[in-house]
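For this chain, numbers begin at 1 and follow the sequence in order. This structure is a prediction, so every number in the text was calculated from the model and none was measured.
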Amino acid sequence: MIRSVDAHVHLWNRATDPQPWIDPVTMAAIDRDFAHGDLERMLDSTGVDVAVVVQSINSAAETRRLLTQPGPRVAGVVGWADLTGDVAAQLDELGALDAAARRRLVGIRHLVHVDPDPGWLGRPDVGAALDRLAAAGLGFDLVVRSWQLPLAATVAAAHPGVRFVIDHLGGLAEADDDDGWEAGLRELAARPNTWAKISGLAGLVSHGDGARLRRAVGVALEAFGPERLMYGSDWPLAELGCGPVAWREAVDELIGELSPEERQAVTSGTASAFYRLGT
């Protein structure tokens, strides 16, 4: 039985999968490779059983490596596929790796927030591809800036059969307008086929911005409810903030007034159900 899930971690080996987005000056804490052993130690330190590994670059090769080089604490992989191409063929190619590797694929993500096309998510070919993901039993991780939340809500409404999970509470950490972010997140949460990750906000803890963090999680709990929220460390990027241990402690405190069943949903049940872990 899975008792706890970290719904958002990354692994990378830059010899095979370069990570050009890492700035060695401002991101010195993560300017190295992170492997399964590092993940196991992090999970032990935060008291978590297993993790979902999420793609860090838009690369089919990275996805294949994540799927075919499993670790004992990896419950699933959110990979990448070119949603402007033949998605069915790409999924067939991943399925040809081996049955176990295909089962590890629990979702797809595209780095929408840095795509050169600001309207990428609303493209007709992307929409058709999203429906194909749903037919294959895969969810879609939304990583967007706060100003992209209205488009995400429109797309979610247009594709009710697709399960969407918004990473990092919709880009609050980078938002210039918290009221605009809140309106966008609530609009997205109004779509019943959307979920959200309490992740990517460790910097608020290290910067002493507890009030902003409490507001964000309060809004998310009210808009989505615990049954559509899941905990994620965003490790190793959490090392750029307060670190994964302090982040997990912060989340535990923020959900401390929930019932045991609701806390279990956030720390395990929602991620297990959304990603269909262990099935």
Legend entry - Side-chain heavy atoms of D31 within contact of R14, under 4.5 Å: yes
Inset, instruction - Ignoring hydrogens and angles, tell me if any N or O in the side chain of E262 forms a donor-acceptor pair with the backbone of S259 under 3.5 Å. - result: yes
Legend entry - Non-hydrogen side-chain atoms of W80 and L111 separated by less than 4.5 Å: no
Inset, instruction - Check whether any side-chain N or O of R263 sits under 3.5 Å from a backbone N or O of L258 as a donor-acceptor pair, and report yes or no. - result: yes
Inset, instruction - Return yes if some donor-acceptor pair links the side-chain N/O of W181 with the main-chain N/O of L169 below 3.5 Å, else return no. - result: yes
Inset, instruction - Ignoring hydrogens and angles, tell me if any N or O in the side chain of W247 forms a donor-acceptor pair with the backbone of G232 under 3.5 Å. - result: yes
Legend entry - Side-chain touch F224/T270, heavy atoms, less than 4.5 angstrom: no
Legend entry - Heavy-atom pair of closest approach, residues I108 and L105: CD1-CD1, 4.2 Å
Legend entry - CG-CG distance between L130 and L138, expressed to the nearest 0.5 angstrom: 11.0 Å
Inset, instruction - Measure from the side-chain N and O atoms of S45 to the backbone N and O of M42, and report whether any donor-acceptor pair falls under 3.5 Å. - result: yes
Legend entry - Salt-bridge criterion met for D115 and R123 (N-O under 4.0 Å): no
Legend entry - W147-L201 co-clustered via ILVMFWY side chain contacts under 4.5 Å: no
Legend entry - Exercise: identify the closest heavy-atom pair between R191 and R228: O-NH1, 3.2 Å
Inset, instruction - Inspect the contact between R215 and D209 and indicate whether a charged nitrogen and a carboxylate oxygen are less than 4.0 angstrom apart. - result: no
Legend entry - Residues S233 and R248: side-chain donor-acceptor under 3.5 angstrom: no
Legend entry - T46, D234, L237 screened by side-chain contact (heavy atoms from CB on, under 4.5 Å) with P244, the one that passes: T46
Inset, instruction - Please report the closest heavy-atom contact between G122 and V155, naming both atoms and the distance. - result: CA-CG2, 4.1 Å
Legend entry - Within 6.0 Å of CD in E227, more than 12 heavy atoms from elsewhere: yes
Inset, instruction - Check whether any side-chain heavy atom of V143 lies under 4.5 Å from a side-chain heavy atom of R109, and answer yes or no. - result: yes
Inset, instruction - Tell me whether V54 is reachable from L172 by hopping between hydrophobic residues (I, L, V, M, F, W, Y) whose side-chain heavy atoms are closer than 4.5 Å. - result: no
Inset, instruction - Report whether L133 and V53 are members of the same hydrophobic cluster (ILVMFWY, side-chain heavy atoms less than 4.5 Å apart, transitive linking). - result: yes
Legend entry - Taking every non-hydrogen atom, the tightest pair across V205 and A250: CG2-CB, 4.0 Å
Inset, instruction - Determine the minimum heavy-atom distance between V48 and V50, stating which atoms define it. - result: CG1-O, 3.4 Å
Inset, instruction - Without swapping roles, check the side chain of R102 against the backbone of E93 for a donor-acceptor pair under 3.5 Å. - result: no
Legend entry - NZ/NE/NH1/NH2 to OD/OE distance under 4.0 Å, D141 and K197: yes
Legend entry - In one Ile/Leu/Val/Met/Phe/Trp/Tyr side-chain cluster, 4.5 Å: L39, Y231: yes
Legend entry - Side-chain touch S146/D177, heavy atoms, less than 4.5 angstrom: no
Legend entry - Non-hydrogen side-chain atoms of R276 and V106 separated by less than 4.5 Å: no
Inset, instruction - Using atom types as modelled and distance alone, determine if a side-chain donor or acceptor of R65 lies under 3.5 Å from a backbone N or O of N13. - result: no
Inset, instruction - Look at the side chain of N193 and the backbone N and O of G161, then say whether any donor-acceptor pair between them is shorter than 3.5 Å. - result: no
Legend entry - From L151 atom CG to R145 atom CZ, the distance as rounded to the nearest 0.5 Å: 15.0 Å
Inset, instruction - Examine distances only and state if a side-chain atom of Q55 and a backbone atom of T63 form a donor-acceptor pair shorter than 3.5 Å. - result: no
Legend entry - Non-hydrogen atoms of A35 and L11 that approach each other most closely: O-CD2, 3.5 Å
Inset, instruction - Over 60° means perpendicular and under 30° means parallel, so classify the ring planes of H168 and H8, tilted if in between. - result: perpendicular
Legend entry - 4.5 Å side-chain heavy-atom contact, D125 and L83: no
Legend entry - Residue pairs passing the ring pair (Phe, Tyr, Trp, His ring centres under 6.0 Å) test where at least one lies in residues 32-67, sequence neighbours excluded: W12-F34, F34-W235
Legend entry - Shared hydrophobic cluster for I166 and V52 (ILVMFWY, side-chain gaps under 4.5 Å): no
Inset, instruction - Answer yes or no: does atom CG of D23 have more than 12 heavy-atom neighbours from other residues, nucleotides or ligands under 6.0 Å? - result: yes
Legend entry - Working for salt bridge (Lys or Arg N to Asp or Glu O under 4.0 Å), residues R41 and D38: CA-CA 5 Å; R41 286 186 287 275; D38 300 301; 3.0 Å; yes
Inset, instruction - Report yes if some heavy atom in the side chain of T267 is under 4.5 Å from a heavy atom in the side chain of I255; otherwise report no. - result: yes
Inset, instruction - Indicate yes or no for a side-chain donor-acceptor contact from R163 to the backbone of F274 under 3.5 Å, with no hydrogens or angles considered. - result: yes
Legend entry - R132/D86 ion pair, N-O < 4.0 Å: no
Inset, instruction - Flag the pair D6 and R73 as a salt bridge only when some basic side-chain nitrogen lies within less than 4.0 angstrom of an acidic carboxylate oxygen. - result: no
